[in-house]
Amino acid sequence: MMNTRILHIATNTFREAVRDRVLYNLIAFALLMSAAAVLVGQISIQIERLVVINLGLTAVSLFGIVIAIFIGIGLVSKEIDKRTLYTVLSRPVRRWEFIAGKFFGLSGTLVVNTFFMAIGVFAALAYVSHHFERSDVGILVALYFIILQFVIITALALFFSSFSTPIFSAIFAFWLFVIGSFAQDLRNFAAMAHGTTGLLATGAAYLIPNFSALNVISQVAHGEPVPHRLILLNTAYVLVYSAAVLSGAVLIFERRNLK
Amino acid sequence: MIRSRQVTAIASTILVCSMASAALLLHKVDQVPPAATLQQMLYISSPKLLKRLCLGYEGLLADIYWTRTVQYFGGKHSQGGGTYKLLWPLLNITTQLDPHLIPAYEFGGTFLTAKQPEGAGDPGKAIELVQYGTQNNPDNWRLYYDLAFIYYDQKDYRHAAEAFLRGSQLPNTHPFLKIMAAQMAQHGGDLETARMMWSATYRTTHDKMIQANATAHLRAIQVNEDVTALERLVQAWRDRTGHFPGTFTEMVSSGWMRGIPLDPLRHPYRLEYGGRVVVSNPDDLPFLDKGLPIGHIPSAVPKLSPAN
Amino acid sequence: MPAIEIVDLEKIYAAGFWRKRSKRALQPLNLAIAEGEIFGFLGPNGAGKTTTLKILMGLVFPTAGTARILGMKLDDPRMKAQIGFLPEQPYFYDHLTARELLRYYGQLSGMDPKQLSRKVDTALEQVKLSGSANVQLRKFSKGMLQRAGIAQAILHDPKVVFLDEPMSGLDPMGRREVRTLIEELKGQGKTVFFSTHILSDAEALCDRVAIIHQGELRGIGAVAELTASVHGKVEIVWQGGAVPAGIRSMGAECHSAGDTMRVILPEENQDTALEALRREHLRLISVVPVRTSLEDYFVAQLGTSAKSEAVSPGT
């Protein structure tokens, strides 16, 4: 049973985002996919599918991440600026419920957004290759992983916005995304160090969100299967990592004086 | 007074438990076969595009790709090799990002050339890589040596000698290159040449994997010589007695040899039916031409035991 | 049991980069507000009014002291279902309509979904926004937003209503409407706690007021009680051009417009002044008590510097 207050806050966050023309990015995305489909058909013989999948999924990922960061960082600070948070918290709403509601609301927005973008990718794919292959199921897996990325980014943006200004939140969240994309390399580097340095580096490397295993775009574009084990592990990882980040956000936000 | 201790306690517990499980799961994710997760290294497979995208930080990116290359090769190798499909693209990107990364050429020259499962078995790409290296680092004799080696491995002794000669004309060259140029021109296919090549490789590199590879080759050459000599001895026994010896012990007790002959890993050679001399544990000795038991299937996992 | 009970409430903010310096926003404050009372919380900008309200709403945590509303702790959800709050200069969600906004708040307050629509309509009616119920809030004027804010504060029929500067940013018509609304709330038996820096509002509405300055309580009581200690003034206007010697000797400043003269005097001098006018046969036009009694108290308490701030029209 879901707490109805969380549900209402989530619904309202979704509604605000949709009405704030967040979904307008879909127009840009549709244009990009159409242009790509037409151009690719003419210039890259043989690898049309590859290019469309690579380009499409990369665009889905980047569009979503930009949205997740730029809405996520404002989720708390905007409500303070407009003093709406005060009217919410003076009701029987706990602060952690507010954080949870915001998180689910933005995640939901991104899932819907991704759904429409996914249709665009498949449409472009159908246009250039006139058929679907069995291995195209992999695209769904890649899209699922992209959504998992959004979930972590949303949680991180919300975490930073629970104590920092929007600008700093955006910078922090974006940097963590960039660093997290190299998470595996960082763990490799850390593993090479020894002693206390190695221990500290390894600890830090494990704290960084692991975006590298969530990116299977190129693999999928080549029609290679994604191991089921990886799907399972990534899902579990994103769930616990987001839970940890959100708990951090709650711990900070519970203590914050809303001046 | 207002802060809810309950929320704090629950949130703290979730935070600690979740972070711990996240680290644990990450550890498991890292253990999923690299083929699954390493493809993304080539997310952008055009070095030129990558160079533009990295906004001038090529050096760092090259180091990252170099680390990935070594990790990829090491990971695949310990799992039993394979096609090393990504070895060339990774090395290509690495060297395009930083054309002065000498270890990459040395590493690539060796393992792109080596046949599967020890390497990618693509000498053409290896030559391309090292030639790119010599163009960008014309004063480095080591790269000419690597180039010569690849030609030598292809039994193209003329090109090998040429590469050695060019390398030997550099201002700060190693005197050994001149000797090798001559040796290659005259005795390209000799076992002695091979021994000189591999021991030089061993002496001039700092890369542990390349050293191990050279050691394995030197051992194989040793086995080759041992087996040739031993089989000649066994043939002589037969010429004298009219039959093959049953065991080496028989030959030792008759005074034909001082003790049971040992291979480079100090394991005894064995005498098989028909006067064949074989090593007792062929899995430990890759690259053998001679001395393999009949019907021996080379292990998928080559053992490059540490150099000694 | 008082509706609001504040005991030794104190707030010190850490300031500066390393949080070494501290700023005292609220001295230990004690207040008890009875049920059904309209209580005015007066003070110039930055006096600590908003800080007090934020502590009561659980938005800011006090450094020391306690407070209870309806006998319950400040983080008690049962209490929060029975209070309403209007923050200072609210903006609300731009892309919602007034009706959607109120529905959302009603849901958060845990209102019965079956009654929600009806209650939303009632609240919109009360603040005269029924005509704009389906307009998005970004198209609202400041005054309309303020009224939407009041609607959300009274929507769920709360027992105690907290209003932070409810009259600020409103035109004279809007102010009168809000006054009427607060009087209606009193009529319904609700407790109203509102902060303001506009004295006339407090004087017209409040059963009791508290005056706060620099985080410190300077006075508390019924308006009449507070003003009793301060003598009022009168304005006398007459025609005839001359200023009688009896008035001039009082030292009061005279203003003239043509042959109409105007003077403001302390109340106790009124009789003497009128006597002087009669003696000179000047034509008396008006004698009006100057209604600045609470302001006078305010000035007496806070000094003139605070006065200029306190009486400046709301922003």
Side-chain angles (χ1 to χ4, degrees), chain A residues 54 58 94-97 99 181-189 191-192 202-203 205-222 224-255, chain B residues 1-46 49 53-55 57 60-72 74-75 85-86 89-90:
Chain A
N54 266 329
T58 306
R94 302 277 200 164
R95 290 191 179 195
W96 70 265
E97 293 172 337
I99 294 283
S181 299
F182 292 99
Q184 205 152 23
D185 296 305
L186 289 177
R187 287 198 296 280
N188 289 339
F189 277 136
M192 289 176 193
T202 309
Y206 274 91
L207 278 181
I208 291 166
N210 182 41
F211 288 112
S212 45
L214 289 172
N215 192 337
V216 290
I217 295 176
S218 152
Q219 196 179 336
V220 160
H222 285 101
E224 288 175 30
V226 180
H228 292 169
R229 195 172 148 71
L230 190 66
I231 301 178
L232 207 72
L233 285 172
N234 271 342
T235 308
Y237 172 75
V238 169
L239 286 181
V240 295
Y241 192 86
S242 311
V245 174
L246 287 178
S247 305
V250 166
L251 282 174
I252 293 171
F253 195 57
E254 283 280 332
R255 275 160 187 70
Chain B
M1 69 166 195
I2 308 166
R3 288 170 199 170
S4 164
R5 290 210 185 87
Q6 211 184 346
V7 172
T8 305
I10 294 173
S12 310
T13 315
I14 294 177
L15 177 64
V16 172
C17 295
S18 303
M19 219 58 221
S21 358
L24 214 70
L25 284 162
L26 217 49
H27 196 65
K28 296 225 151 136
V29 168
D30 285 345
Q31 286 167 351
V32 174
T37 51
L38 276 166
Q39 278 288 343
Q40 45 157 325
M41 292 177 170
L42 295 174
Y43 188 45
I44 297 168
S45 49
S46 151
L49 178 62
L53 285 180
C54 70
L55 311 168
Y57 296 102
L60 175 65
L61 205 62
D63 296 348
I64 288 176
Y65 271 89
W66 171 233
T67 317
R68 284 180 173 185
T69 310
V70 176
Q71 291 276 343
Y72 169 75
K85 253 200 305 196
L86 294 178
L90 281 170

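A, B, ... follow the sequence lines: proteins, then strands. Residue 1 opens every chain. Because only heavy atoms are used, hydrogens play no part in the values below, and waters and symmetry mates are left out as well, while side chains stay in.
Pairing each heavy atom of A:G248 with each of B:L15, the nearest pair is N-CD1, 4.1 Å. Here the closest non-hydrogen pair linking B:A22 and A:Y241 is CB-CD1, 4.2 Å. Scanning all heavy atoms of the two residues, the minimum distance from B:S12 to A:L251 falls at OG-CD2, 3.7 Å. Residues B:S18 and A:A244 share a closest heavy-atom pair of CB-CB, 3.6 Å. Taking all atoms of both residues into account, the shortest heavy-atom contact from A:Y206 to B:M19 is O-CE, 4.5 Å.
Atom CG of B:L25 sits about 10.5 Å away from atom CG of A:N210, to the nearest 0.5 Å.
Annotation: maximal heavy-atom pairing with chain A below 4.5 Å, among B:T13, B:V7, B:L24, occurs at B:V7.
Contacts of A:L207 with chain B are made by both backbone and side-chain atoms, with heavy-atom separations under 4.5 Å. For a residue to count as touching a neighbouring chain, one of its non-hydrogen atoms must lie under 4.5 Å from one of that chain's; by this rule A:R187 touches chain B with the side chain only.
In this structure, the side chains of B:K28 and A:Y237 stay at 4.5 Å or more apart for every pair of heavy atoms.
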